[in-house]
Protein chains: 2
Amino acid sequence: MARPRQALLSRQRIVATATAVIDAEGLAALSIRRLATELGVQGPSLYNHFATKEEILDAVADAVIEQVDISVFGRFDWRVALRRWARSYRDALTAHPNIVPHLAQGPGRRPTALAMADAVYGGLVDAGWPPARATHIGALMRYFVAGSALGSFARGFVDDPQLYADRYPHLTRAHLLADHQKSVDEGAFALGLDALIDGLARLYEDVVGELPD
Amino acid sequence: MARPRQALLSRQRIVATATAVIDAEGLAALSIRRLATELGVQGPSLYNHFATKEEILDAVADAVIEQVDISVFGRFDWRVALRRWARSYRDALTAHPNIVPHLAQGPGRRPTALAMADAVYGGLVDAGWPPARATHIGALMRYFVAGSALGSFARGFVDDPQLYADRYPHLTRAHLLADHQKSVDEGAFALGLDALIDGLARLYEDVVGELPD
DNA sequence: ACCTGAACACCGTTCAAGT
DNA sequence: ACCTGAACACCGTTCAAGT
């Protein structure tokens, strides 16, 4: 074949297909050859569009973050903005949980991830938070959201009553968790988000005080 | 050589060496052949002690969790116990951050991880939390702690002033974050832990009420 | 500019052969 | 019981050769 008159590949198509493989079979299942097969080309062709596999994973991660709604900062009270952003952030990550370990390494040079960090930090500083606190809040929210998407808590428990019986006196019903995966993880996230924002709002009143309107 | 009269390997020695390689060079650097070389044997020898590489990673993960102090449950007020456990949990994970993505997949069949889940859940239920809430609290604490250890927030920002200048108006000082990695991550964790436990304590008073002594 | 086949130095795992 | 060499089907990446 050599070079076709119309390019067979594009960065966008590569990223979309990589995302589909990672979603369906996990990070470990994504190899260059496998991805190439899925795209109808040979492995080395991909190196015309990305320098390394790492660059492909970065592009997948950034495309996931592109789904996060950061328009809330500046438009709503910081408590409301933080809550809506955290929900949107979690929704984006739980739609693609297998890429979370890669994405949680930080924004690096990924433009969408940097734009998100900029919006969050800027929103908090504009709301009156001291810069150091704004950094901490951005960090701790990422801890909580990334942790919640990294692996389901409920699915982490094997569905085998024999495993828990006798040995772990309080876990006698843990084998049922997997059946309620979604509501357990959702309930835990909701409770943690409430507690976090409640705790931060109380601190805010001490640190920043009520601002005159 | 064939079989030596004194076994060259033991599960313990394999786990210790695997942990050292993962700590020093990351999860991706740990291959069976590399680990075998480090242990002075050939690759296939390891399969006399572990059935798969996955089992080795499970053993590394469980050894990390073994360092977490779960003796606090039942000995202290649940707020104090939760706080001390979370700190100890984070200390254990941040000592071995590269294994966190594996470990955060849940306890599976790892005995130490199951014992920890049992202690946390039991401690909360004994303190009067309804079972469903106790599950949620165990989950959300894992989200926060695992997220905080998964990747440094501060190190996630590249040390390159040019990257942020102009493009990200609020991140003009982000290139300095890496220099303060430890205090940024520690400050964010401390703030989040305070907010979480404060928020949960307020809920506790609504849900459980004050118990007579 | 963009795709290919061949090649390099790697993987995890199996298995028969040794003691 | 426990270590070995050879082998299998894989990896990510490079590169000269094609159009």
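Every heavy atom of this structure was used, including side-chain atoms; hydrogens, water molecules and symmetry mates were not. To find a chain, count down the sequence lines: A is the first, B the second, and so on, and within it residues start at 1.
Of all heavy-atom pairs between B:A149 and B:P97, the closest is O-CB, 3.7 Å. Of all heavy-atom pairs spanning A:Y164 and B:L114, the tightest one is CE2-CD2, 3.6 Å.
Regarding A:L39, its CG atom lies at a distance of 15 Å from the P atom of C:dC2, rounded to whole Å. Note: CD1 (B:I32) to C1' (D:dG5) measures 17 Å, nearest angstrom. What separates CZ of A:R11 from P of C:dA1 is a distance of 16 Å, to the nearest Å. Taking atom CD1 of B:I14 as the reference point, atom P of D:dC3 lies 8 Å away to the nearest angstrom. The interatomic distance linking B:R13 (CZ) with D:dC2 (C1') rounds to 14 Å, in whole Å. Whole-Å rounding puts the B:N48 CG to C:dT19 C1' distance at 13 Å. In this structure, CG of A:L35 is placed 11 Å from P of D:dC11, rounded to the nearest angstrom. Taking atom CG on A:L57 and atom C1' on D:dG12, their separation rounds to 12 Å, with Å as the unit.
Nearest to the side chain of A:P4, among D:dT4, C:dG12, C:dC2, sits C:dC2. Nearest to the side chain of B:L9, among C:dC3, D:dC3, D:dA7, sits D:dC3. Out of D:dC2, D:dG5, D:dT14, the shortest distance to the side chain of A:Y47 is found at D:dT14. Minimum atom distance to the side chain of A:Q42 is reached by C:dT4, of the listed C:dG12, C:dT4, D:dC2. In the set D:dC3, D:dT4, C:dC2, the nucleotide with an atom closest to the side chain of A:A7 is C:dC2.
For B:R3 and C:dG18, a side-chain-to-base donor-acceptor distance below 3.5 Å is absent, hydrogens and geometry of angles not being considered.
For D:dA1, the OP1/OP2 oxygens have no side-chain nitrogen or oxygen of B:H49 closer than 4.0 Å.
Applying the Watson-Crick and G-U wobble criteria (two distances, each under 3.5 Å), D:dC3 pairs with nothing in any strand. With a cut-off of 3.5 Å on both Watson-Crick or G-U wobble distances, the partner of D:dC8 is given as C:dG12. For C:dA17, there is no paired nucleotide, since no Watson-Crick or G-U wobble pair has both relevant distances below 3.5 Å.
Among the heavy atoms of the strands lying under 4.0 Å from A:R33 is at least one base atom, whether or not backbone atoms are also near. Across all strands shown, B:S45 has heavy atoms under 4.0 Å from base atoms, whether or not it also approaches the sugar-phosphate.
Between B:V41 and A:E54, it is B:V41 whose nearest contact on DNA chain D lies nearer the 5' terminus. Each of B:L30 and A:L46 was assigned the nucleotide of DNA chain C with the nearest heavy atom; the assignment lying further toward the 5' end belongs to A:L46.
For the pair A:D118 and B:R167, the salt-bridge criterion is not met [side-chain N within less than 4.0 Å of a carboxylate O]. Salt-bridge check for A:R83 with A:D194: passed, with a basic side-chain N closer than 4.0 Å to an acidic carboxylate O. Salt bridge A:E186/A:R90: present, at least one basic N to carboxylate O contact under 4.0 Å.
Aromatic ring orientation, A:F153 versus B:Y143: perpendicular (interplanar angle above 60°, classes split at 30° and 60°).
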